[in-house]
Protein chains: 2
Amino acid sequence: MMSDEQANWPQEQCFASFKHCLPVCRESVYSQFFEAFREDIKVKRESAAVKNLKIIFDATFELASKGGFDAMSLRDLSQSTGISMGGLYNYISSKDMLAQMVNDFLSQRLAPLAYSLNLESGSPRQRLATRLRIYIYMGSLFRPWYRFVYMESKSMARQQRDQAKQFDLIDTAKLKELIEEGVAAGEMHCSNSELTASALLALIQDWYLKSWKYKQNETSTDDYANFLVSLMDKLLADNDQQTHDQTGYNDHSGKNNQ
Amino acid sequence: MMSDEQANWPQEQCFASFKHCLPVCRESVYSQFFEAFREDIKVKRESAAVKNLKIIFDATFELASKGGFDAMSLRDLSQSTGISMGGLYNYISSKDMLAQMVNDFLSQRLAPLAYSLNLESGSPRQRLATRLRIYIYMGSLFRPWYRFVYMESKSMARQQRDQAKQFDLIDTAKLKELIEEGVAAGEMHCSNSELTASALLALIQDWYLKSWKYKQNETSTDDYANFLVSLMDKLLADNDQQTHDQTGYNDHSGKNNQ
DNA sequence: GGATAAATAGCGAACGCTCGCTCTTTTTTA
DNA sequence: TAAAAAAGAGCGAGCGTTCGCTATTTATCC
């Protein structure tokens with residue numbers, strides 16, 4: 001299946017095409033991970049290191065996903081991985097550092113890699129759609145990483161916690177900027193770009209936070225990405241009917257109390 | 001301000017009106033809480049109990065919001081509340097039970113109270129909008145409770161964890177049902193009611209999960225509720241332009257891989 | 001209605017246990 | 001066989017929880 005050349009992202013807007021163009025995959029990620037943290041990892045032989053890093057971090061995602069990172073003890077991790085306590089400490093310098101490595105690798109290596117694929121050409125609408133798709137596709141490829149950083153950033157050091165909020169604000173601002181470009185170009189219509197951007201980001205995050213739900217109702221990655229893009233189009237379409245109050249009850253569009 | 005009678009929910013769709021009609025408020029909630037858990041709480045004098053329950057649970061929300069419930073020790077809680085370790089155990093039977101009390105009170109008392117205010121009269125669109133507003137308004141009134149249950153359900157007992165997912169599915173199903181009623185009545189248009197319902201729920205949850213963000217950009221409760229309802233109207237409007245592919249790039253609406 | 005008795009609420013040191021982490025020893029690798 | 005990696009017993013700190021005790025409020029009696 002999908003054996004023909006599909007490496008023509010972002011013209012071909014689907015998951016398969018994106019995967020072909022991304023210079024990293026689920027299988028190769030721990031080689032890059034090892035490279036990024038060479039200095040912190042005591043084990044020097046790459047073959048053993050990459051193998052065990054995969055075992056350790058995959059098990060961490062698994063254990064942290066039920067009960068949270070705090071509730072996972074290193075003895076649990078030792079048992080799940082089959083690596084002794086001493087062995088684990090050849091790969092991590094502390095439990096906190098383990099969490100920080102996930103956070104740093106995702107935010108400094110994986111994510112930038114993907115966003116660089118959002119070519120700066122095309123209309124605002126194209127670039128916005130492409131960006132939304134990148135978020136969703138990356139979420140599918142590295143779901144455990146994204147979910148871990150989202151859920152566990154609060155238990156990390158002050159610096160990482162603030163960083164997590166910063167990334168949220170930056171992502172929102174980037175979406176907002178694209179929306180406002182589209183509005184300026186007359187291609188989109190939006191009365192509140194800030195809230196619209198926030199909403200799009202929330203729906204992106206829902207994709208990797210509620211994966212159990214989307215797996216259950218058999219929503220594929222492309223299904224969700226297509227849905228999100230079409231939702232974006234509806235939100236930013238020109239709705240001629242003004243303050244319509246469609247079927248009764250008041251509207252209350254002004255800023256009220258609280 | 002707002003001194004005139006506004007207790008005409010759901011005809012008057014604003015936060016103030018909702019608050020007037022809800023038979024509980026931020027101030028009175030711990031009286032009902034005490035009543036609900038009389039048997040589990042060793043302290044019998046209501047005046048002392050209600051006062052300290054407020055102190056204990058408000059402090060729990062505060063401490064758990066930074067670092068999580070697991071990271072909060074009962075010594076932290078003792079220090080924050082000014083109540084000794086032994087004193088705390090007159091109000092809770094265990095740390096786990098503390099979390100469970102929050103979960104049970106919200107899901108069995110607070111939430112049902114609110115949803116009963118969703119009158120069964122009116123068009124599907126009216127009832128859907130009313131329901132969305134109820135979620136947002138309840139999230140504003142009892143944000144710490146909702147956030148605690150969302151964030152900490154994973155560290156609760158198996159039963160509560162499954163329950164949290166169940167409530168998510170039930171809420172989604174209820175929204176979906178209303179959407180499909182509207183579609184059947186020709187009042188709405190929707191090609192994927194399941195995903196649309198999921199999206200609406202995600203945006204509801206974003207309201208109490210990212211309160212720091214909405215406070216920062218000065219989005220009021222009514223602002224957000226109005227935004228959400230207008231978003232709903234746009235999603236469910238009749239979009240005449242079919243599979244338009246507005247400005248280039250392919251559409252790919254089918255279920256693809258993964 | 002003040003003194004006494006009973007009931008309730010609050011306190012905090014101490015317990016058993018598990019945690020993250022270290023260190024010496026053993027095994028594996030090239 | 002020398003260097004690298006894995007092993008796992010052991011350490012002190014900090015956890016949730018308990019329990020004997022004191023302080024405070026409420027009820028009873030002359």
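Sequence lines set the chain letters: A, B, ... in the order given, protein chains first and strands last, and positions in each chain run from 1. Below, all heavy atoms of this structure are taken into account, side chains as well, without hydrogens, waters or symmetry copies.
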Rounded off to whole Å, could you give me the [atom1]-to-[atom2] distance for the [X] and [N] pair?
X	N	atom1	atom2	value
B/Asp70	C/dG20	CG	P	11 Å
B/Leu98	D/dC15	CG	P	16 Å
B/Asp76	D/dA13	CG	C1'	15 Å
B/Gln100	D/dG16	CD	C1'	17 Å
A/Leu88	D/dG8	CG	P	12 Å
A/Lys51	D/dA4	NZ	P	18 Å
A/Ile41	D/dA5	CD1	P	11 Å
A/Gln79	D/dG8	CD	P	12 Å

Presence of [X] side-chain N/O under 4.0 Å of [N] phosphate oxygens OP1/OP2:
X	N	value
B/Lys95	D/dG16	yes
B/Asn52	C/dG10	yes
A/Ser73	C/dT18	no
A/Arg45	C/dA30	yes

Handout entry: Single hit among B/Phe33, B/Tyr150, B/Tyr208 for ring pair (Phe, Tyr, Trp, His ring centres under 6.0 Å) with B/Trp145
Key = B/Phe33
Quick one: which of [options] gets closest to the side chain of [X]?
X	options	result
B/Val43	D/dG8, C/dG10, D/dT17	C/dG10
A/Tyr91	D/dT17, D/dA6, C/dT8	D/dA6
B/Met85	D/dA5, D/dC15, C/dG12	C/dG12
A/Leu74	D/dG16, C/dG20, C/dT8	C/dG20

Exercise for the section: Could you tell me whether a side-chain N or O of B/Asp206 sits under 3.5 Å from a main-chain N or O of B/Leu203, the two making a donor and an acceptor? Expected result: no
A cation-pi test, strictly: NZ or CZ of [X] under 6.0 Å from the centre of the six-membered ring of [Y] and no more than 45 degrees from its axis. Yes or no?
X	Y	value
B/Arg131	B/Tyr115	yes
A/Arg143	A/Trp207	yes
A/Lys19	A/Phe15	yes

Exercise for the section: State whether the distance check finds a donor on one side and an acceptor on the other, under 3.5 Å, for side chain B/Arg75 versus base D/dG16. Expected result: yes
Exercise for the section: Report the residue (B/Ser47 or B/Tyr89) whose heavy-atom-nearest nucleotide on DNA chain D is the more 5′ of the two. Expected result: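 This one resolves to B/Tyr89.
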Exercise for the section: Select base, sugar-phosphate, or nothing to describe what B/Met97 touches, counting heavy atoms under 4.0 Å on all strands. Expected result: nothing
Exercise for the section: Under 4.0 Å between any heavy atoms, over every strand shown, what does B/Ser78 touch: base, sugar-phosphate, or nothing? Just pick one. Expected result: nothing
